[in-house]
Amino acid sequence: NLSVAGALNAIKIAAQADNATDTTPAASVYQDAGVTGVDGSNLPSISSALDSAAVDSTAVDSSAKVQALVDAYKAILASADGTGANTATALTGAQYTTVGVTGVSGSAAPGNALNLLNSAVDAQARTGVDTVPELQAMADAAAHVMAAAGGNAGQIATLTLDDLKALGITSVTSANLSAVLAAIGSSTDGAVDTLPKLQDLVRSVVGTVTAALNTIQAAAEADSANDNTPALTVYNDAGVTGITNLAAINSALDSTTVNGIAVDTPAKVQTLINAYNAILASADGSAGNTAIALTAAQYSTLGVTGLSGVAAPGNTLTLLNDAVDRKPNTGVDRVPEVQALADAAARVIAAASGDAATVAMLSMNDLSALGVTGVSTLSVGNQQRILDAISATANDGTGVDTVAKLQALIVANLDVTPPAAPVINTVASDNVINASEVGSIITGSNEAGASVQLSLGGNTRNASVSGSNW
């Protein structure tokens, strides 16, 4: 046996060095120190307290102090019987502090963190509170919950999924966490100051999130969304944020590649919203002012197909991003509009390779859609000159990967000299059409590539042109 002083010294050394174990100092050492109530069932917990940073040698330098530590931990272990709300005497902040838990003080009262901590401890099994780190995690979690309740964004952000799990809250996942945090942030302290209250709030939120996600998934699967449905409230219930253009987001739900699986979690829906917001933010009508280039993944997330990778000189994504950047917001607020731009950009880059088949697929409408001006009324000859000029650029697409380059190319290759007046061949041998010659075909010649219209008797007709003849 050790003297009282020797036993206390052994306990003090272990506390100062934080080197107590599940079996040392032994229960007999505590007995020699004049401390009662330590046995094999609680010795590991008492040793855990000695190993906590807050319990040093001065905290256990008398038999009375050691006894207070033992009694405090025994009270905590007795409360944690796996059945909630059956602890007759509420644990105090001093008891938690005595065993080395920090950040806890005072007495439990409605609306405070200690009230929630005690409720959580009461519902825990003994094995869930038999080390100080477990208790500390629960105390921190309770503090985070109470700070988040009615708190600001920073306070809400301190509350984590691990916190809620530490308290014993179930049904919270990474997918619905944001909605749960939002609900706690909107609550009062009194609405979350016990484990049952907090769990009930979580169940309600999870049910709401699930219902909202089901609505969003159904719309995506059936392509049945419209400008107003699913409603903004549905997205709010799903726990997602940042929607500034509901019609645009719903347009993404109606794209072929966005199905129910693509929006089956709040995180996926949030990614879609963030992607479309980035595109809408880029489309401010001013070229060259988007700081971070849009990626193919962002376009793909909202249902635009045919894109991959990141923007690089000469590729489709670079031309598409430039076109989007120049567009007003209203020019890209539906996925079909964005898809048309992506397809047009792809045809331009493909035409630069010089392959006749890909050049033939490019139209003036494509160029006009991208933001190139002055091409919608070009003559057939000038249209061909533009296509030939694009085909003659570098095969790697670097000559046509911005709208400005395309515009300059067109200006440089347009034939702006008015065509010579078309010639009308002799009609009906004498240029006089009598009654028997009313069905005569009028022909003539023209500058190659020109369009010809013929006005006769107040009627104007487009002539059929082939080369330099009409």
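In what follows, every heavy atom counts, from backbone to side chain, and hydrogens, waters and symmetry copies are set aside. Here, residue 1 is the first one in the sequence, and each next residue gets the next number.
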Requested in this report: Assess the side chains of D163 and T160: does a donor N or O sit below 3.5 Å from an acceptor N or O?
Outcome: yes
Query raised in the report: In terms of heavy-atom contacts, does CD1 of I261 have more than 12 from other residues, nucleotides or ligands at under 6.0 Å?
Result: no
Query raised in the report: Are any of the side-chain heavy atoms of I390 and L367 separated by less than 4.5 Å?
Result: yes
Query raised in the report: Do T58 and D56 have a side chain donor and acceptor closer than 3.5 Å?
Result: yes
**Report entry** Any donor-acceptor N/O pair, S47 side chain to D22 backbone, under 3.5 Å
**Finding:** no
Report task. Evaluate the criterion side-chain contact (heavy atoms from CB on, under 4.5 Å) for residue pair V104 and L114; output intermediate values, then yes/no. Result -> CA-CA 7 Å; V104 183; L114 184 54; 3.6 Å; yes
Report task. Before giving the answer on side-chain contact (heavy atoms from CB on, under 4.5 Å), spell out for V172 and K165 the whole-Å C-alpha distance, their side-chain angles and the decisive distance to 0.1 Å. Result -> CA-CA 8 Å; V172 183; K165 288 181 176 179; over 6 Å; no
Requested in this report: Taking N118 for its side chain and L91 for its backbone only, find out whether a donor-acceptor pair lies under 3.5 Å.
Outcome: yes
Query - Flag, side chain of N42 to backbone of D39, donor-acceptor distance under 3.5 Å - result: yes
Query - Side chain proximity check, Y299 to L341, heavy atoms < 4.5 angstrom - result: no
Report task. Starting at CG of D51, measure out to CG of N19 and round the result to the nearest 0.5 Å. Result -> 7.0 Å
**Report entry** T271 OG1 to Q298 CD distance, which is reported to the nearest 0.5 Å
**Finding:** 10.0 Å
**Report entry** Electrostatic pair D130:R126 at N-O distance under 4.0 angstrom
**Finding:** no
Query raised in the report: So, do D254 and V335 sit near enough that their side-chain heavy atoms are less than 4.5 Å apart?
Result: no
Query raised in the report: Are any non-hydrogen side-chain atoms of V60 and L8 less than 4.5 angstrom apart?
Result: no
Query raised in the report: Taking atom types as modelled, is there a side-chain donor on T87 or D122 under 3.5 Å from an acceptor on the other?
Result: yes
Query raised in the report: Does the D333 side chain pair with the main chain of N245, one donor and one acceptor, at a distance under 3.5 Å?
Result: no
Query raised in the report: So, the side chain of S119 versus the backbone of L195: is there a donor-acceptor pair under 3.5 Å, distance only?
Result: yes
Query raised in the report: Cut-off 3.5 Å, side chains only: do T208 and D237 have a donor facing an acceptor?
Result: no
Query raised in the report: Side chains of S363 and N365: donor-acceptor distance under 3.5 Å anywhere?
Result: no
Query raised in the report: Hey, what do you get for CD1 (I46) to NZ (K74), rounding to the nearest 0.5 Å?
Result: 8.5 Å
Query raised in the report: Under 3.5 Å, is there a donor-acceptor pair between the side chain of N250 and the main chain of A225?
Result: no
Query raised in the report: Quick one: CD on Q270 to CG on N274, what's the gap to the nearest 0.5 Å?
Result: 4.5 Å
Report task. Work out which heavy atom in A7 is nearest to a heavy atom in A33; give both atom names and the distance. Result -> CB-N, 3.5 Å
Query raised in the report: Where do V192 and A149 come nearest, in terms of heavy atoms and distance?
Result: CG2-CB, 3.8 Å
Query raised in the report: What's the shortest heavy-atom distance between S107 and N112, and which atoms?
Result: O-ND2, 2.9 Å
Requested in this report: Could you walk me through whether D355 and S353 pass the side-chain hydrogen bond (donor to acceptor under 3.5 Å, both in side chains) test, one step at a time?
Outcome: CA-CA 6 Å; D355 177 70; S353 69; 5.6 Å; no
Report task. Output yes when a side-chain donor or acceptor of Y73 lies under 3.5 Å from a complementary backbone atom of T131, and no otherwise. Result -> yes
Query - Separation of N115 CG from K197 NZ (nearest 0.5 Å) - result: 7.5 Å
Query raised in the report: Between V263 and L213, is any pair of side-chain heavy atoms under 4.5 Å apart?
Result: no
Query raised in the report: Is atom CG of N1 surrounded by more than 12 heavy atoms (other residues, nucleotides or ligands) closer than 6.0 Å?
Result: no
Query - Student check: side-chain heavy atoms of L159 and L164 closer than 4.5 Å - result: yes
Report task. Determine, stepwise, if the pair Y30 / L69 fulfils side-chain contact (heavy atoms from CB on, under 4.5 Å). Result -> CA-CA 11 Å; Y30 289 93; L69 184 152; over 6 Å; no
Report summary line: Rounded to the nearest 0.5 Å, the CD atom of Q199 sits from the CZ atom of R203 at a distance of 4.0 Å
Query raised in the report: Between the main-chain N or O of L387 and the side-chain N or O of S391, is there a donor-acceptor pair closer than 3.5 Å?
Result: no
Query - Residues T393, K405; criterion side-chain contact (heavy atoms from CB on, under 4.5 Å); working and verdict - result: CA-CA 11 Å; T393 60; K405 289 178 182 179; over 6 Å; no
Query raised in the report: Side chains of S282 and T290: is there a donor and an acceptor less than 3.5 Å apart?
Result: yes
Query - Validation row: Q95, V99 side chains within 4.5 angstrom (heavy atoms) - result: no
Query - Any donor-acceptor N/O pair, T358 side chain to A350 backbone, under 3.5 Å - result: yes
Report task. Determine, for R334 against D227, whether the closest basic-nitrogen to carboxylate-oxygen distance falls under 4.0 angstrom. Result -> yes
Requested in this report: Ignoring hydrogens and angles, tell me if any N or O in the side chain of T318 forms a donor-acceptor pair with the backbone of G314 under 3.5 Å.
Outcome: no
Report task. Would you please say whether a donor-acceptor pair under 3.5 Å links the side chains of T229 and N226? Result -> yes
